[in-house]
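Okay, so here's the structure we're looking at.
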Amino acid sequence: MENRLNHARLVSSLEKLGTIGIREDGKRYRLALSDGDKQARDLLCGWIKDAGLELKIDAIGNIFGLLPGTENGDPVIAGSHIDTVPNAGMFDGCVGVLSGLEALRTIAEKKLPHRRPLAVAAWTNEEGSRFLPGVLGSSVFVGDVTLEKALAARDFSGMTAGAELNRIGYAGTDTLKACAYLEFHVEQGPFLDAEKIEIGVVIGITGLSRWDVTYKGEANHAGTTPMNLRHDPLIAASKLHLAMSAAAAEKNAVFTIGHMEVAPGAVNVVPGTVFFTIDLRSQDRTVLDELHARCEAEIRRCAREVGVEVECVPTDHADPVSFAPRMIEKVERFANLRGLSNRRMGSGAGHDAQVFAPRVPTAMIFVPSIGGKSHCPEELSDMKLVCQGAEILTDCLLELANE
Ligand code: HGY
Ligand code: MN
Ligand code: MN
């Protein structure tokens with residue numbers, strides 16, 4: 001199959017977007033609804049208008065570029081996100097949004113026939129690094145989360161998503177629905193690169209549970225307090241981390257404490273309070289349910305053992321999802337037609353596609369993350385494969401738009 005897209009334009013747009021949100025220390029921070037996110041949004045909206053697409057923005061700040069078809073109806077949407085984790089790479093999310101933009105730009109320029117409307121989407125706060133729950137914008141779009149709840153979400157400094165959305169000027173009024181959903185993304189894991197396979201045909205997405213946990217013990221003098229008289233919340237957190245890491249490893253699940261605050265945080269004071277986040281995931285629903293219950297029990301057991309108080313707040317949950325066989329087959333067929341090596345696989349990373357899968361025909365396409373690195377500046381994918389993944393995205397868009 002011939003290539004349709006302007007690969008140079010796609011690569012240069014990825015590189016340009018990658019320059020946004022870089023701090024003086026050279027680290028990329030484009031957290032949802034931050035100034036960096038606004039800059040990226042402004043750039044994307046400009047490109048959407050340049051491409052001759054209809055720019056739409058909804059009440060939670062999701063951005064759409066719409067290309068009408070020969071018939072009316074809900075669009076086939078190709079989406080992902082442009083917000084990032086702290087100190088991020090330049091591929092996560094951006095590959096899917098800019099490939100969707102390049103696909104629609106090319107379809108419009110070459111007047112490729114499509115009955116159904118097409119849209120590219122950039123979802124608000126996919127990452128959940130600033131506001132919880134993650135996949136916030138797409139969850140409001142499908143109705144899983146109310147707009148009120150989403151706007152009331154607070155970051156660690158207490159700012160609400162609603163105030164930040166207004167501050168950056170992205171509280172819109174447009175409304176759309178999707179008749180099908182596609183997401184092209186970097187794998188963010190080690191398998192495709194290790195096996196030297198070019199395309200991942202995604203069969204489903206992991207489930208996850210997240211909590212905010214606070215252990216309250218007794219701050220005391222680091223030099224005079226004997227170990228057996230301490231109620232050190234960091235000991236409780238460490239016991240929990242070791243117990244749940246082992247439990248997750250046994251079940252091929254993953255357990256992460258990604259954020260921790262130790263107070264008062266002095267070298268010579270036994271901590272009084274420890275606050276930390278938990279991210280627990282499995283692609284198997286039964287395993288996730290079992291480890292979810294085990295984790296809540298362990299959180300309390302470790303508190304009792306060390307004699308500290310505990311506050312445990314669930315902050316996010318998503319069940320594992322599977323994509324429809326016919327959608328998996330579509331991606332696989334186009335990868336084969338393009339002579340690209342490929343294999344079926346689940347996604348250990350969460351994506352906006354997980355909120356669409358239970359509702360509309362949904363598919364995901366992966367390209368390898370070199371060294372399996374992601375959510376870090378070392379995140380890297382081969383631009384030639386990124387362009388081939390974008391071609392498969394375009395193949396799927398056009399087929400779905402004319403079914
Ligand atoms: O956390 C995730 O899996 C996704 O990158 N937001
Ligand atoms: Mn992502
Ligand atoms: Mn991510």
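The analysis underlying the following values was restricted to heavy atoms, covering all of them including side chains, and did not include hydrogens, waters or symmetry mates. What you see is a predicted model; the values in this text were computed from it and never measured. Quick note: residue numbers are just sequence positions, from 1. Just follow the structure's listing: the first ligand is 1, and inside any ligand the first atom is 1.
- In this structure, Phe356 and Trp123 have tilted ring planes: the angle between them lies in the 30° to 60° band.
- The number of heavy-atom neighbours closer than 6.0 Å to CZ of Phe275, taken from other residues, nucleotides and ligands shown, is above 12.
- In summary, an N, O or S atom of His81 is located under 2.8 Å from the Mn ion (ligand 2).
- With ligand atoms numbered from 1 in the order given, ligand 1 contributes 1 (O) to contacts under 4.0 Å with heavy atoms of Arg210.
- For ligand 1, the atoms lying closer than 4.0 Å to a non-hydrogen atom of Ala349 are 3 (O).
- Side-chain atoms of Asp279 never come within 3.5 Å of backbone atoms of Arg210 as a donor-acceptor pair (strictly under, hydrogens ignored).
- Looking at His114, its side chain never comes within 3.5 Å of a backbone N or O of Asn402 through a donor-acceptor pair.
- Proximity annotation for atom 2 (C) of ligand 1: of Arg281, Gln188, His81, Glu126, Arg281 comes nearest, heavy atoms only.
- Here the protein heavy atom with the shortest distance to atom 4 (C) of ligand 1 is Gly350 O, 3.4 Å.
- Judged by distance alone, with hydrogens and angles left aside, the side-chain atoms of Ser381 form a donor-acceptor pair with the main-chain N or O of Pro368 at under 3.5 Å.
- Restricting His185 to its N/O/S atoms, the shortest distance to the Mn ion (ligand 2) is reached by NE2.
- In terms of protein heavy atoms, atom 5 (O) of ligand 1 is closest to His375 NE2, 3.0 Å.
- In Glu127, the N, O or S atom that comes nearest to the Mn ion (ligand 3) is OE2.
- Not a single heavy atom of His351 lies less than 4.0 angstrom from ligand 1.
- Contact annotation: the side chain of Phe64 never approaches that of Leu53 to less than 4.5 Å [non-hydrogen atoms, C-beta and beyond].
- Residue-level check: among N/O/S atoms of Asp92, OD1 sits closest to the Mn ion (ligand 2).
- Remark: side-chain polar atoms of Asn268 are not paired, donor with acceptor, to backbone N or O of Ala222 under 3.5 angstrom.
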